[in-house]
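What follows is a set of notes on a single structure, which appears directly below.
We count ligands from 1, going down the list as the structure has it; atoms in each ligand are counted the same way. Here, residue 1 is the first one in the sequence, and each next residue gets the next number.
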Amino acid sequence: MDDSILVVYESVTGFTRQYALWIGEELDCPVAALDEISAEDMSGRHTVIFGGRFHAGKVDGLKKAKRLFGKSGCKRLILFACGATPDSQGDMIAEAWKQNLTEEELKRIPHFYLQGGLKYETMPFGDRLMMKFFAAAVRRKKDKSPYEAAMAAAVGSSFDISSKEKIKPLVVYARETE
Ligand SMILES: Cc1cc2nc3c(=O)[nH]c(=O)nc-3n(C[C@H](O)[C@H](O)[C@H](O)COP(=O)(O)O)c2cc1C
């Protein structure tokens, strides 16, 4: 097991957790939930990979993960976010990253988007309500932008488009760079 890397995740309905487990499996390194770890658990490692879901444009847990990473003295942070936005919507995904990272961080911190899905069955009530409102609003809207059309098609019901294949660029990056 490669203890120089630690994968940390924050997940509500399981997609981000699944991606974290796949990454951990591929890199043969430990994986932990954000609420289970401290800065000490990160320290002494070369790399921390943190993943959270996109939630109304924000990456869940990112602030805390960055704080722990900052305290730990660990060398390298790699981020991933999991969401329902189709992979085809590159501009919107780039825009979402801009809402989460400063210009300097966008250049310095490698960040990857991994499309997951939606699981209405296990979503907390408040989230389910928000998604249903959002889905109804984009469905009703006339003259939809390509992003709105893609979201209207995607978010009406549960779906799972996660796949281990999608972690490849992140894994290659983690392995091949120092
Ligand atoms: C209330 C709410 C807001 C969301 N906002 C976004 C968003 O801004 N962008 C996005 O791509 N996905 C968004 N999603 C979809 C989740 O990121 C997606 O379902 C993800 O796979 C959940 O990850 P998890 O299973 O690890 O919790 C949202 C989901 C909910 C319930």
Original post:
So which pairs with a foot in residues 131-141 pass side-chain hydrogen bond (donor to acceptor under 3.5 Å, both in side chains), sequence neighbours left out?
Top reply: Lys141-Glu148
Subject >> Glu165 CD: over 12 foreign heavy atoms closer than 6.0 Å >> reply: no
**OP:** Return each pair, listed once, that meets side-chain hydrogen bond (donor to acceptor under 3.5 Å, both in side chains) where at least one residue sits in residues 15-24; pairs must be two or more places apart or across chains.
**Re:** Tyr9-Arg17
Original post:
Partners of Asp3 by side-chain hydrogen bond (donor to acceptor under 3.5 Å, both in side chains), sequence neighbours excluded?
Top reply: none
Subject >> Donor-acceptor pair, side chain of Lys71 and main chain of Ser43, under 3.5 angstrom >> reply: no
**OP:** For ligand 1, list the protein residues that place a heavy atom within a distance below 4.0 Å of one of its atoms, sorted by chain and number.
**Re:** Ser11, Val12, Thr13, Gly14, Phe15, Thr16, Arg53, Phe54, His55, Ala56, Gly57, Cys82, Gly83, Ala84, Thr85, Tyr113, Gly117, Leu118, Met123, Asp127, Met130, Met131
Original post:
How about Phe112 and Trp97: are their ring centres within less than 6.0 Å of each other?
Top reply: no
